[in-house]
Enquirer: 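Handing you a structure now.
Reckoned from all heavy atoms, side chains included, excluding hydrogens, waters and symmetry mates.
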Amino acid sequence: YSSIFFGVPNEIGGMLYYLTVVVGVVALLFGVTVIGTISLSLLLVIIGAFSAIFSMILIYIQAAVIKEWCEWCLASVGMSILIFVLEMAGNMHIS
């Protein structure tokens, strides 16, 4: 049994998210700073924000609806929030 969001199983969406983050960070390390007309760093923050919010929604569903906990899901939530925090910290510029 798998939860599905917009026709995509959550575990596939999660793997695509982590792959996107890795590819984005590697691209930044190789000097890619812009994708089309948007900053790659900003794009990663936006994707990270969506992931963190979606992860918190899934935690709510575990707590309030399912009333069971998935340790892998909790670890994934922690990683998503950590990635978002690190992306935000990486985008802070001190004037």
Side-chain angles (χ1 to χ4, degrees):
Y1 175 72
S2 175
S3 295
I4 295 176
F5 185 72
F6 287 128
V8 178
N10 286 347
E11 58 272 16
I12 300 298
M15 286 189 285
L16 290 173
Y17 163 69
Y18 290 121
L19 179 63
T20 300
V21 170
V22 168
V23 168
V25 169
V26 169
L28 284 172
L29 291 173
F30 279 96
V32 177
T33 57
V34 177
I35 301 278
T37 59
I38 188 168
S39 156
L40 179 55
S41 295
L42 177 60
L43 183 60
L44 288 172
V45 167
I46 292 167
I47 292 169
F50 174 79
S51 175
I53 292 166
F54 186 67
S55 293
M56 287 188 254
I57 291 168
L58 293 177
I59 286 295
Y60 169 78
I61 291 170
Q62 285 185 53
V65 177
I66 301 171
K67 297 185 175 126
E68 288 188 29
W69 296 102
C70 163
E71 291 82 14
W72 290 106
C73 300
L74 294 173
S76 179
V77 168
M79 288 177 55
S80 292
I81 292 171
L82 178 62
I83 288 169
F84 175 63
V85 168
L86 292 172
E87 288 169 343
M88 289 294 293
N91 279 294
M92 291 183 165
H93 300 285
I94 300 173
S95 298

Enquirer: Quick one: pull up OH in Tyr17 and OG in Ser76 and give me the separation to the nearest 0.5 Å.
Expert: 8.5 Å

Enquirer: Which pair of non-hydrogen atoms, one from Ser41 and one from Leu28, has the smallest distance, and what is that distance?
Expert: OG-CD2, 3.8 Å

Enquirer: Provide the closest heavy-atom pair for Gln62 versus Cys70 in the form atom of the first, atom of the second, distance.
Expert: OE1-N, 3.0 Å

Enquirer: Rounded to the nearest 0.5 Å, how far does OG of Ser51 lie from CD1 of Ile46?
Expert: 13.5 Å

Enquirer: Between CG of Leu42 and CD of Glu87, what distance do you get to the nearest 0.5 Å?
Expert: 10.5 Å

Enquirer: Any chance CH2 of Trp69 has more than 12 other-residue heavy atoms, nucleotides or ligands included, within less than 6.0 Å?
Expert: yes

Enquirer: Can you hop from Met88 to Val25 via hydrophobic side chains spaced under 4.5 Å?
Expert: no

Enquirer: Quick one: CG on Leu86 to CG on Leu44, what's the gap to the nearest 0.5 Å?
Expert: 12.0 Å

Enquirer: Once you round to the nearest 0.5 Å, how far does CD1 of Ile53 lie from CE of Met56?
Expert: 6.5 Å

Enquirer: What I'd like to find out is whether the side chain of Tyr18 reaches to under 4.5 Å of the side chain of Val22, using heavy atoms alone.
Expert: no

Enquirer: What are the two closest heavy atoms between Val32 and Ile35, and how far apart are they?
Expert: CG1-CD1, 4.3 Å

Enquirer: Could you measure the distance from the CD1 atom of Ile83 to the CD1 atom of Ile47? Nearest 0.5 Å is fine.
Expert: 11.5 Å

